[in-house]
Amino acid sequence: MPELPEVETIARDLAPLLRGRRVVSVHAARQPPVFVGGSLAPRTIVGRRIRDVSRTGKFIIVEFDEEVRLAVHLRMTGNLLFNPPAGPVRYTRATFGLDNGARLVFADVRKFGRMRVFRGDARATLGVGIDPFAPELDARLAELVRGRRTPVKSWLLDQRHIAGVGNIYACEALYYAGVRPKKRVGKLSLRERAMLLTALRRVLHKAIRHRGSSVDDYVDAEGKAGRFQNSLAVYGRAGMPCRRCGTLIRRIVLAQRGTFYCPTCQV
DNA sequence: ATCAGCACCTGTTGGC
DNA sequence: TGCCAACAGGTGCTGA
C-alpha cells in the first residue's frame, strides 16, 4: 500500500490527535511478531507522553520523551487507525490505549507490517536515505547515481538512496520526466536528472494534496480512502491510451514489480 | 557490488 | 459456477 504521500497523510493527521497524549497500554500480536528488531521493548512506551508524529521515508515515527521513538512501517496492507468504531477491528496486529480513552489500532491483512521501539535518530537507526524533498538532494543527486548501472526505477525503489518512493510514484515520476524505467540511472543526463527530481517532487506533492492513492487497501487514520488513484497517468493503466499521446501504456516486470510506461513519451 | 529469485501472508480478480 | 494461477502499494535474505 503506502508510499510517501500515504504515510505523510497519516502522520499529519495523527500529529494533532496524539500530541500530548500518554500511552497507557500496548497489545501486540505474536506469530508472526509485529514488533521486530527494536533496541527497546514495546512496553517501554507505556506511561510515556507523545511529543510528535512525523514521517521518515515510509516510516511513521511516533516520538516520545528522552529520544524514545516508535517506528511503524505499513508495508503492503497495513493501516494505522485512530479510534475506529467500537468493536474488534479486522486483522488487528496491535492496539495502543491512550490516556484519554482513545485507541490507536494497527491492522494488517497480510501481516507484513512491522513496528519497532528504539532510542535515538530515526533516519540512522532505520537506515533510510535522503528525503525526496530535502533541498540538498539537487546538489547530491549526480554523486549518488554516478557509475551506477542499475535501472533508474530499481534505483528509485531502493530506500537507502532516496527514501519514500515506491512502485506507483516511481512509475509516475518517470512518466512525467519522460524517462524509460530501464534506463541506467548512471547514464541519465544532467537535464534528465533535473527533470526526474522535479517530476518526483511534483507528483508526490500532488498526491499528498489528494491524500494519497487508494489502489487497494489504503485508508488514512480515519479509515477514509485517498483520491489520487484517479489521477494516475501510467500506474495500473496497461493497455489504456497515454493521456498525452494516445499510445497504449505498456506493462513490463522490472525488479520483480509491475512497471508501467508510455513507449512514446518515455525515452 | 549487483541482482534475480524467492520468502513472507492473505485476498481479489480474471481466464478457462 | 468453480478452480487456479497471477497479482497486489514492500522489504529482506540467499546464492550466483
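Proteins come first, then strands; the chains are lettered A, B, ... in the order of their sequence lines, and each starts at number 1. Computed from a predicted structure; not experimentally measured.
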Check: protein-nucleotides 13-15 of chain C nitrogen or oxygen pairs below 3.5 Å:
none

Atom CG of A:Asp108 and atom P of B:dC9 are separated, to the nearest Å, by 11 Å
Separation of C:dT11 atom P from A:His73 atom NE2, nearest Å, is 4 Å
Margin query: With a cut-off of less than 4.0 Å, is there a side-chain N or O of A:Arg110 near OP1 or OP2 of B:dC8?
Written below: no
Verify the distance criterion only: is there a donor paired with an acceptor across the side chains of A:Lys206 and A:Ser231 at less than 3.5 Å? no
Looking only at side-chain N and O atoms, does A:Glu6 offer a donor or acceptor that is under 3.5 Å from a partner on A:Tyr169? yes
When every non-hydrogen atom of A:Gly120 is compared with those of A:Thr125, the smallest separation belongs to C-OG1, 4.5 Å
| message | What verdict does the side-chain contact (heavy atoms from CB on, under 4.5 Å) test give for A:Arg110 and A:Arg75, after you've listed the backbone C-alpha separation in whole Å, the side-chain angles of each residue and the deciding distance to 0.1 Å? | response | CA-CA 9 Å; A:Arg110 289 175 73 180; A:Arg75 292 283 181 99; over 6 Å; no
Practice prompt. Would you indicate whether A:Arg243, at its atom CZ, is surrounded by more than 12 heavy atoms from other residues, nucleotides or ligands within a distance under 6.0 Å?
Written response: yes
Short N/O separations, protein against nucleotides 4-7 of chain C, under 3.5 angstrom:
none

Thinking salt bridges, do A:Asp220 and A:Arg12 make one under a 4.0 Å N-O criterion? no
To the nearest angstrom, the CD-C1' distance between A:Gln31 and B:dC8 comes to 13 Å
Each base of DNA chain B marked ( ) or [ ] if paired in-strand (Watson-Crick or G-U under 3.5 Å), | if paired to another strand and . if unpaired gives .|||||||.|||||||
In whole angstroms, the gap separating P of C:dG12 from CD of A:Gln159 amounts to 9 Å
Donor-acceptor pair, distance only, cut-off 3.5 Å: does the side chain of A:Arg237 make one with the backbone of A:Ala233?
yes
A:Arg202 meets the salt bridge (charged side-chain N to carboxylate O under 4.0 Å, His left out) criterion, sequence neighbours left out, with none
From CZ of A:Arg160 across to C1' of C:dG12 the rounded distance in Å is 10 Å
Atom pairs, N/O to N/O, protein against nucleotides 11-16 of chain B, distance under 3.5 Å?
| unit_1 | atom_1 | unit_2 | atom_2 | d |
| --- | --- | --- | --- | --- |
| B:dG11 | OP1 | A:Tyr91 | OH | 2.9 |

Tested for side-chain contact (heavy atoms from CB on, under 4.5 Å) against A:Gln266, the lone hit among A:Thr247, A:Val179, A:Leu174 is A:Leu174
Whole-Å distance, A:Lys111 NZ to C:dT11 C1', equals 18 Å
Checklist entry - Hey, are A:Arg160 and A:Asp158 close enough for a salt bridge, meaning a charged N less than 4.0 Å from a carboxylate O? => result yes
Inset, instruction - Could you work out the separation of B:dT10 and C:dT1 based on their C1' atoms and round it to a whole Å? - result: 23 Å
Plane angle bin for A:Phe96 and A:Phe35 - parallel if under 30°, tilted between 30 and 60°, otherwise perpendicular: perpendicular
note: A:Ile168, atom CD1; C:dG10, atom C1'; distance rounded to Å ~ 12 Å
(Q) Is any side-chain heavy atom of A:Cys171 closer than 4.5 Å to one of A:Lys153? (A) yes
To the nearest angstrom, the CH2-P distance between A:Trp155 and C:dT11 comes to 15 Å
Check nucleotides 1-5 of chain B against the protein and report each pair of N or O atoms closer than 3.5 Å, with its distance, or say if there are none.
| unit_1 | atom_1 | unit_2 | atom_2 | d |
| --- | --- | --- | --- | --- |
| B:dT2 | OP1 | A:Arg148 | NH1 | 3.1 |
| B:dT2 | OP2 | A:Arg148 | NH1 | 2.5 |
| B:dC3 | OP2 | A:Thr150 | OG1 | 2.6 |
| B:dG5 | N7 | A:Gln256 | NE2 | 3.2 |

Margin query: Is there a path of hydrophobic side-chain contacts, each under 4.5 Å between heavy atoms, that joins A:Val203 and A:Met195?
Written below: no
Any link between A:Val219 and A:Val105 through a network of hydrophobic side chains (Ile, Leu, Val, Met, Phe, Trp, Tyr) touching at under 4.5 Å? yes
Q. Expressed as a whole number of Å, how far does the P atom of B:dA1 sit from that of C:dG10?
A. 25 Å
dist A:Phe106:CZ -> A:Leu80:CG (nearest 0.5 Å) comes out at 7.0 Å
Check your understanding: Do the numbers put A:Arg116 on top of the ring of A:Phe59, so that NZ or CZ is under 6.0 Å from the six-membered ring centre and no more than 45° off the axis?
Key -> no
B:dC9 versus C:dC13 - spacing of their P atoms, nearest Å: 15 Å
Under the criterion of centre distance below 5.5 Å and interplanar angle below 30°, is A:Phe112 classified as stacked on the base of B:dC8?
yes
Under 4.0 Å, heavy atoms only, any strand: does A:Arg114 hit a base, just the sugar-phosphate, or nothing? nothing
Taken to the nearest 0.5 Å, the spacing of A:Leu98 CG from A:Ser25 OG works out to 8.0 Å
